[in-house]
Amino acid sequence: MTRGEAEKYISDTYGVKPEAPWEKYPKYIVFRHGGNKKWFALIMEIPRRALGLSGEGVIDVVNVKCSPLLNYSFRAEKGIYPAYHMNKEHWLSVALDGSAEDETVRTLIDMSYELTKKK
């Protein structure tokens, strides 16, 4: 899944538009719940080395909330990493370069939405 596909999936599925809260980082966008304003997805462009990947340059990722019980299982899959710049027990970074299965990316976005919605 690409960055554009992830953004479209989130917008189409949950009816929310991305917000760019940091002027300094225009490629960092968040998706929030309408009611409680909690984030459920953060899409960023980060250095590859921030995830321990070889090579120069940047990679698009989506950070999603994940149950701590499943976190380590998902990290065993290709394209899924401990969260960049967030709590690594509760969040994951998912590469948006095609390395993670599209269905897995959608499942993780959906799980994040459910975990962060108003209870």
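Computed from a predicted structure; not experimentally measured.
- The side-chain contact (heavy atoms from CB on, under 4.5 Å) check on Glu77 picks up Phe74, Ile80, Thr104, with sequence neighbours excluded.
- The side chain to side chain donor-acceptor pair (under 3.5 Å) check on Lys88 picks up nothing, with sequence neighbours excluded.
- Atom CD1 of Ile43 is separated from atom CD of Glu45 by 12.0 Å, given to the nearest 0.5 angstrom.
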Any chance you could lay out the side-chain contact (heavy atoms from CB on, under 4.5 Å) test for Tyr81 and Leu53, step after step, and finish with the verdict?
CA-CA 10 Å; Tyr81 305 91; Leu53 299 173; 3.3 Å; yes
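- Under the 4.5 Å side-chain heavy-atom criterion for grouping Ile, Leu, Val, Met, Phe, Trp and Tyr, Val94 is connected to Ile109 within one hydrophobic cluster.
- Remark: Asp97 engages Ser99 in a side chain to side chain donor-acceptor pair (under 3.5 Å) (not counting sequence neighbours).
- Lys118 and Asn36 make their closest contact through N-ND2, 3.2 Å (heavy atoms, listed as atom of the first residue, atom of the second, distance).
- Between atom CE of residue Met44 and atom CG of residue Leu96 there is a gap of 9.5 Å, rounded to the nearest 0.5 Å.
- Pairs passing the side chain to side chain donor-acceptor pair (under 3.5 Å) check and including a residue from residues 64-74, sequence neighbours excluded, read Asn71-Arg75.
- In this structure, the side chains of Met111 and Val64 stay at 4.5 Å or more apart for every pair of heavy atoms.
- For the pair Tyr9 and Val105, the minimum side-chain heavy-atom distance is 4.5 Å or more.
- In this structure, Leu51 and Pro82 approach most closely via the heavy-atom pair CD2-O, 4.2 Å.
- Residues meeting the side chain to side chain donor-acceptor pair (under 3.5 Å) test with Glu101, sequence neighbours left out: none.
- A side-chain donor-acceptor contact under 3.5 Å links Asn63 to the backbone of Tyr84.
- For Glu103, the salt bridge (charged side-chain N to carboxylate O under 4.0 Å, His left out) partners are Arg106, not counting sequence neighbours.
- Applying the salt bridge (charged side-chain N to carboxylate O under 4.0 Å, His left out) criterion to Lys8, with sequence neighbours excluded, gives Asp12.
- Separating the CG atom in Asp102 from the CE atom in Met1 is a distance of 4.5 Å, to the nearest 0.5 Å.
- Between the CE atom of Met86 and the CG atom of Leu42 there is a distance of 6.0 Å, given to the nearest 0.5 Å.
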Extract all donor-acceptor atom pairs below 3.5 Å that involve side chains of residues 20-33 and protein atoms in other chains or at least two apart in sequence.
| residue | atom | partner | partner atom | Å |
| --- | --- | --- | --- | --- |
| Arg32 | NE | Glu19 | OE1 | 2.9 |
| Arg32 | NE | Glu19 | OE2 | 3.4 |
| Arg32 | NH1 | Lys37 | O | 3.3 |
| His33 | NE2 | Tyr113 | O | 3.1 |
| His33 | NE2 | Thr116 | OG1 | 2.7 |
| His33 | NE2 | Lys117 | N | 3.3 |

Quick one, Asp110 with Tyr14, criterion side-chain hydrogen bond (donor to acceptor under 3.5 Å, both in side chains). Give me CA distance, side-chain angles, the key distance, then yes/no.
CA-CA 9 Å; Asp110 295 342; Tyr14 298 106; 2.6 Å; yes
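- At least one donor-acceptor pair under 3.5 Å links the side chain of Ser11 to the backbone N or O of Val16.
- The side-chain contact (heavy atoms from CB on, under 4.5 Å) search around Asn87 returns Glu89, His90, Trp91, not counting sequence neighbours.
- Under the side chain to side chain donor-acceptor pair (under 3.5 Å) criterion, Ser112 pairs with no residue at all, not counting sequence neighbours.
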